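Computed from a predicted structure; not experimentally measured. Any value given below was found using the heavy atoms of this structure, including those in side chains, with hydrogens, waters and symmetry copies removed.
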Amino acid sequence: MYKQEKIKPYGGNSEKSKLVETMFDNIAPTYDKLNHHLSWDIDKRWRRKAIEQLIPYNPQKILDIATGTGDFAILAAKMLNPIHLIGADLSEGMMNIGRGKVEKEGLSNIISFQKEDCLNLTFSDNSFDAVTAAFGIRNFQSLDKGLLEIFRVLKPGGHLSIVELTTPISFPIKQLFHIYSNSILPLYGRIISKDKSAYEYLNKTIEAFPQGEEMMHIFKKAGFNKTSFNRLTFGICTMYLAEK
């Protein structure tokens, strides 16, 4: 078990996946505003770079895991022009906001949303050309099981593109980020979302989540062969690419 898997949003004895679902339903109305403000809108650039990784492979059927409010799915649809893209998430509250965005963008013929447990996906083996995930896999109840499921539904030669928040490794960014993430981030998150636990939980999972070289080993354990990563914005975010 990885460290972040032991961290739950609201404590108690309930399964982590149920608590994560409740948390995202609670913060859904303010999630986008907080995401963009807390990253100074840099998160938009991170998503774009993660999607650019897939352009050479021209994926036509895409699964966006932990799709949330659909920002990554919408950008992927615009940049990659797939035939079909499914956004999957535990939280209907988040996806309902995503459905509104997709309709506004005129992408309802390409993007659909589906409630899914990422550890037990309902899709058949070898279903997707690419799987994407932005800022979501660290919330998996079991990272290993989630990656095995992603590997299962990917077609041979398919690609997994992930962008995830990480902790910087170099002085003084590491120290400055620690101060920001342990004081400003949870305080601002609590004020805007009115949820005291949510942004404390999200911050703790960033610090606990495996990153860089360790993630390369975790991907390979799940069956992926070609793997790579790039740290972005001084290591505040890391972009991963893995091939089945």
Q: Do Tyr240 and Met216 have side-chain heavy atoms sitting under 4.5 Å apart?
A: yes

Q: Do you know the tightest heavy-atom contact between Leu154 and Lys244?
A: O-NZ, 2.6 Å

Q: Identify whether the distance between the nearest side-chain nitrogen and carboxylate oxygen of Asp71 and Lys101 falls below 4.0 Å.
A: yes

Q: Do Val102 and Ile110 land in one hydrophobic cluster if side-chain heavy atoms of ILVMFWY residues count as linked below 4.5 Å?
A: yes

Q: If we count only N and O atoms by modelled type, under 3.5 Å, do the side chains of Tyr10 and Asn26 hold a donor and an acceptor together?
A: yes

Q: How about Ile51 and Leu80: do any of their side-chain heavy atoms sit closer than 4.5 Å?
A: yes

Q: Contact between Leu119 and Ser17 at the side-chain level, heavy atoms closer than 4.5 Å - yes or no?
A: no

Q: Would you call Glu92 and Arg99 a salt bridge, using N to O less than 4.0 angstrom?
A: yes

Q: Below 4.5 Å, heavy atoms only, C-beta onward: do Phe113 and Thr67 meet side chain to side chain?
A: yes

Q: Taking all non-hydrogen atoms of both residues, which atom of Lys220 and which atom of Asn225 are closest, and how far apart?
A: CE-O, 3.8 Å

Q: Under a single-linkage definition using a 4.5 Å side-chain heavy-atom cutoff for Ile, Leu, Val, Met, Phe, Trp and Tyr, are Leu90 and Phe24 assigned to the same hydrophobic cluster?
A: no

Q: Step by step, work out the salt bridge (Lys or Arg N to Asp or Glu O under 4.0 Å) result for Glu5 and Lys145.
A: CA-CA 12 Å; Glu5 293 172 4; Lys145 191 171 181 182; over 6 Å; no

Q: Distance check, rounded to the nearest 0.5 Å: Ile74 atom CD1 versus Asp64 atom CG?
A: 10.0 Å

Q: Return the minimal non-hydrogen interatomic distance between Met95 and Gly87, and the atom names on each side.
A: SD-O, 3.9 Å

Q: According to a hydrophobic-cluster definition based on side-chain heavy atoms being under 4.5 Å apart (Ile, Leu, Val, Met, Phe, Trp, Tyr only), do Phe224 and Met215 belong together?
A: yes

Q: With a 4.5 Å limit on heavy-atom distance, are the side chains of His217 and Pro210 in contact?
A: no

Q: So, does Thr233 use its side chain to make a donor-acceptor pair with the main chain of Ile236 at under 3.5 Å?
A: no

Q: Determine whether Arg47 and Asp43 satisfy the following criterion, side chain to side chain contact (heavy atoms under 4.5 Å, CB included), listing intermediate values before the conclusion.
A: CA-CA 6 Å; Arg47 288 185 180 91; Asp43 62 302; 2.5 Å; yes

Q: With side chains defined as the heavy atoms from C-beta onward, is the minimum distance between Ile86 and Glu116 less than 4.5 Å?
A: no

Q: Does the distance from a Lys or Arg side-chain N to an Asp or Glu carboxylate O, for Glu21 and Lys115, drop under 4.0 Å?
A: yes

Q: Mind checking the OG1-CG spacing from Thr69 to Asp32? Nearest 0.5 Å is all I need.
A: 3.5 Å

Q: In Å, rounded to the nearest 0.5 Å, how long is the span from CD1 of Ile83 to CD of Gln60?
A: 4.5 Å

Q: Say whether Leu75 and Val131 are linked into one hydrophobic cluster, either directly or through other cluster members, by side-chain heavy-atom distances under 4.5 angstrom.
A: no

Q: Is it the case that the side chain of Ser161 and the backbone of Leu241 share a donor-acceptor pair, with hydrogens and angles ignored and the cut-off at 3.5 Å?
A: no

Q: Tell me, do Leu63 and Val153 make a side-chain contact under 4.5 Å, heavy atoms counted?
A: yes

Q: Hey, mind stepping through Ser127 and Lys155 against side chain to side chain contact (heavy atoms under 4.5 Å, CB included) and telling me if it holds?
A: CA-CA 6 Å; Ser127 293; Lys155 294 177 183 178; over 6 Å; no

Q: Do you know the tightest heavy-atom contact between Ile7 and Lys204?
A: CD1-O, 3.7 Å

Q: Judged by atom type as modelled, is there a donor-acceptor pair below 3.5 Å linking the side chain of His159 to the main-chain atoms of Gly157?
A: yes

Q: Going from CD on Glu52 to CE on Met239, what distance comes out if it is rounded to the nearest 0.5 angstrom?
A: 8.0 Å

Q: Tell me, with the steps shown, if Ile97 and Tyr31 meet side chain to side chain contact (heavy atoms under 4.5 Å, CB included).
A: CA-CA 10 Å; Ile97 292 172; Tyr31 181 78; over 6 Å; no

Q: Please give me the minimum heavy-atom distance between Pro29 and Asp25, naming the atom from each residue.
A: CD-O, 4.1 Å

Q: In Å, rounded to the nearest 0.5 Å, how long is the span from OG of Ser142 to NZ of Lys16?
A: 10.0 Å

Q: Flag yes if more than 12 heavy atoms outside Arg48 fall under 6.0 Å of its CZ atom; otherwise flag no.
A: no

Q: Would Phe128 and Phe123 count as a close aromatic pair, with their ring centres under 6.0 Å?
A: yes

Q: What I'd like to find out is whether the side chain of Gln114 reaches to under 4.5 Å of the side chain of Leu121, using heavy atoms alone.
A: no

Q: Can you see which heavy atom on Ile65 is nearest to which on Cys118, and at what distance?
A: CG2-SG, 3.5 Å

Q: Of the options Thr166, Leu232, Leu165, which is the one that meets Thr238 in a side-chain contact (heavy atoms from CB on, under 4.5 Å)?
A: Thr166

Q: Membership question, hydrophobic clusters at under 4.5 Å side-chain separation (ILVMFWY): are Phe219 and Phe135 in the same one?
A: no

Q: Which distance, rounded to the nearest 0.5 Å, do you find between the CD1 of Ile111 and the CD of Glu105?
A: 8.5 Å

Q: Is there a donor-acceptor pair under 3.5 Å between the side chain of Gln211 and the backbone N or O of Thr167?
A: yes

Q: Are Tyr2 and Phe209 close enough, and set up right, to give a ring-ring contact (aromatic ring centres under 6.0 Å, His included), and what steps lead you there?
A: CA-CA 7 Å; Tyr2 305 103; Phe209 194 68; 8.0 Å; no

Q: Answer yes when Lys61 and Asp129 have at least one side-chain N-carboxylate O distance shorter than 4.0 Å, and no when they do not.
A: no

Q: In sequence, state the C-alpha distance, the side-chain angles, and the governing distance for Leu147 and Leu160, and then conclude on side chain to side chain contact (heavy atoms under 4.5 Å, CB included).
A: CA-CA 10 Å; Leu147 290 174; Leu160 169 62; 4.1 Å; yes

Q: Indicate yes or no: does Lys18 engage Glu15 in a salt bridge with an N to O separation below 4.0 Å.
A: no

Q: Test your reading of the model: is there a side-chain donor-acceptor pair from Asp89 to the backbone of Gly68, 3.5 Å cut-off?
A: yes

Q: Looking at Asp144 and Lys221, is any side-chain nitrogen of the basic one under 4.0 Å from a carboxylate oxygen of the acidic one?
A: yes

